[in-house]
2 protein chains.
Amino acid sequence: MTIKVMLADDQALVRGALAALLELEQDLTVVGEVGDGTEVVDAATEKRPDVVLMDVEMPGLDGISATAELRKALPDCRVLIVTTFGRPGYLRRGLQAGAAGFVVKDTPARELADAVRRVHQGLRVVDPALATDSLIAGESPLTARETDVLRAARGGGTVADIARELFLSEGTVRNHLSAVIGKTGARTRAEAAQIAEANGWL
Amino acid sequence: MTIKVMLADDQALVRGALAALLELEQDLTVVGEVGDGTEVVDAATEKRPDVVLMDVEMPGLDGISATAELRKALPDCRVLIVTTFGRPGYLRRGLQAGAAGFVVKDTPARELADAVRRVHQGLRVVDPALATDSLIAGESPLTARETDVLRAARGGGTVADIARELFLSEGTVRNHLSAVIGKTGARTRAEAAQIAEANGWL
DNA sequence: GGCCTGGCATGACATCGGTCATGGGTGTCG
DNA sequence: CGACACCCATGACCGATGTCATGCCAGGCC
């Protein structure tokens, strides 16, 4: 009984390469590929994969939101998140969204097929080093609004730009940014944005 | 006559997957893999590949510098740069460093083997869309020192931090940043850093 | 109902940041 | 040599930014 796998990754070359890698295993077969988060649910509904390999960084819908959507539409379809960045927040949010496993792209290639099999069996697969990081880093200390403001601040615009973008007063934006800087332990908004990004809080 | 290929990419999973993809072709064989730019020359000297697939973003030595080193040590060994980001500056600097081809990771997987073959035949392989971008963007307008300062500014530190890091006076740092902001058409240093990064000037 | 948290706002203050003028030192090129 | 480009620095100006105090309102919780 072969396991049907679908790939969701925005880089076509990586997608094709992963397909080649998995097709080497007799018990695995790749039944579909998508390069956009919005296409995941449709393609999975049509192709009926047992496991979806999901990248986090994707155009359209990000992999975590796509995971949540997919779990709602097809609860029997398991998700293994395979991503470039081992951000603690990604792991946490991914699992909360219903992912069964979480693997970073610098794990050895030979372990991927095993991870797919484990996930298919209903087991959880999580990089141990990342799991401890996630425990240490904890959840995001930022409120929803603070996250919005910081996300908007990433672009490098001025306070006025951010205020216009979010329909807030400049003073409010400054207050939120001040709170964010305090919570992250940073000394400028840019530093705060970097810290938050490294932790997967954005 | 099979073409011997070596892979240089920091993500083990991608490396393994690309290997699987290329091994599907009868005329290609993967003779080595490295995950660090500093290992490229040593590994190539030992394995004698015909073509090296080189990622730009790597720990140790970046792919462009590694390309230059490799061309110096083994002039017969051709380099095909395969990277995530199609930054115009990467293309330009890669070709100047002696790369024979430049492919981004969202090109279709089936085209990779052909690109390797072309490069092996001594032809140049360049993504056409990227080539025009590179022409439009032109070379980096930043002086060496301005580039240093902007690179240091990326971290989000204050002017004082940057000045300390580069052993400059604060006023000088501000002047350089002001020049950078002017040249990039940005309105803050953060914006300037983003623009420069998107163009591969850092 | 009280109590707390979070979003939003205002105003005031000190500091930081970006701009400009100016000058001295280097090296290169015609 | 003179012209030019780049690096480094100083000082002054003003707008932007980060901090703080204070207030109002909505929603959740005991």
Side-chain angles (χ1 to χ4, degrees), chain A residues 89 92-93 96 137-202, chain B residues 89 92-93 96 137-202:
Chain A
R92 176 183 304 272
R93 286 191 287 153
Q96 277 170 356
E139 273 196 80
S140 171
L142 308 179
T143 67
R145 211 53 178 160
E146 285 163 0
T147 307
D148 290 342
V149 174
L150 186 55
R151 212 192 314 256
R154 254 184 324 175
T158 69
V159 171
D161 293 334
I162 303 168
R164 225 173 302 125
E165 197 178 326
L166 298 180
F167 304 101
L168 291 175
S169 94
E170 297 192 14
T172 302
V173 171
R174 282 213 284 264
N175 281 340
H176 282 308
L177 284 176
S178 187
V180 167
I181 290 170
K183 286 179 180 177
T184 54
R187 271 169 22 263
T188 66
R189 68 175 74 172
E191 210 177 341
Q194 296 226 328
I195 293 171
E197 190 140 42
N199 283 305
W201 293 340
L202 297 184
Chain B
R92 176 182 303 273
R93 286 191 286 153
Q96 277 171 357
E139 273 196 80
S140 171
L142 308 179
T143 68
R145 210 54 176 157
E146 285 163 0
T147 307
D148 290 342
V149 174
L150 186 56
R151 211 191 314 253
R154 256 185 323 177
T158 68
V159 171
D161 293 334
I162 303 168
R164 225 173 302 123
E165 197 178 326
L166 298 181
F167 305 102
L168 291 176
S169 94
E170 298 192 14
T172 302
V173 172
R174 282 212 287 250
N175 281 340
H176 282 309
L177 284 177
S178 186
V180 167
I181 289 170
K183 287 180 180 177
T184 54
R187 271 172 20 265
T188 66
R189 66 173 78 171
E191 212 176 338
Q194 296 225 329
I195 292 171
E197 191 140 42
N199 283 305
W201 294 339
L202 297 185

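We use all heavy atoms of the structure for the numbers below, so side chains are in, but hydrogens, waters and symmetry mates are not.
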For atom [atom1] of [X] and atom [atom2] of [N], their distance in whole Å:
X: B:Ile181; N: D:dA16; atom1: CD1; atom2: C1'; result: 12 Å
X: B:Glu191; N: C:dG18; atom1: CD; atom2: C1'; result: 13 Å
X: A:Leu177; N: D:dC20; atom1: CG; atom2: P; result: 15 Å
X: B:Glu146; N: C:dG18; atom1: CD; atom2: C1'; result: 14 Å
X: B:Leu142; N: D:dC6; atom1: CG; atom2: C1'; result: 13 Å
X: A:His176; N: D:dT19; atom1: NE2; atom2: P; result: 15 Å
X: B:Arg164; N: D:dC8; atom1: CZ; atom2: C1'; result: 19 Å
X: B:Leu168; N: D:dT10; atom1: CG; atom2: P; result: 11 Å

Kindly say if [X] contacts the phosphate of [N], meaning a side-chain N or O under 4.0 Å from OP1 or OP2.
X: B:Arg145; N: D:dC6; answer: no
X: B:Ser178; N: C:dT19; answer: yes
X: B:Arg187; N: C:dG18; answer: no
X: B:Thr172; N: D:dC7; answer: no

Checklist entry - side-chain contact (heavy atoms from CB on, under 4.5 Å) between A:Ile162 and A:Arg189: does it pass, once the steps are laid out? => result CA-CA 12 Å; A:Ile162 303 168; A:Arg189 68 175 74 172; 4.1 Å; yes
Next on the checklist: For a side-chain contact (heavy atoms from CB on, under 4.5 Å) check, start with the C-alpha distance between A:Arg145 and A:Leu168, then their side-chain angles and the critical distance, and finish with the verdict.
Outcome noted: CA-CA 11 Å; A:Arg145 211 53 178 160; A:Leu168 291 175; 3.8 Å; yes
Checklist entry - Passes side-chain contact (heavy atoms from CB on, under 4.5 Å), A:Leu202 versus A:Leu150? Steps please. => result CA-CA 8 Å; A:Leu202 297 184; A:Leu150 186 55; 4.0 Å; yes
Checklist entry - Is B:Ala160 touching bases, backbone alone, or none of the nucleic acid, heavy atoms closer than 4.0 Å? => result nothing
Checklist entry - Got a donor-acceptor pair under 3.5 Å from the side chain of A:Asn175 to the base of D:dC20? => result yes
Checklist outcome for this item: Residue pair B:Thr143/A:Glu170 against DNA chain D: nearer the 5' end by closest nucleotide is B:Thr143
Can you tell me which nucleotide in [options] comes closest to the side chain of [X]?
X: A:Ala144; options: C:dG7, C:dT19, D:dT17; result: C:dG7
X: A:Ser169; options: C:dA9, D:dC8, C:dG18; result: C:dA9
X: B:Arg174; options: C:dT19, D:dC8, D:dT17; result: C:dT19

Checklist entry - Can you name the side-chain hydrogen bond (donor to acceptor under 3.5 Å, both in side chains) partners of B:Thr143, sequence neighbours left out? => result B:Glu146
Checklist entry - Any sub-3.5 Å donor-acceptor pair from B:Glu191's side-chain atoms to B:Thr184's backbone N or O? => result no
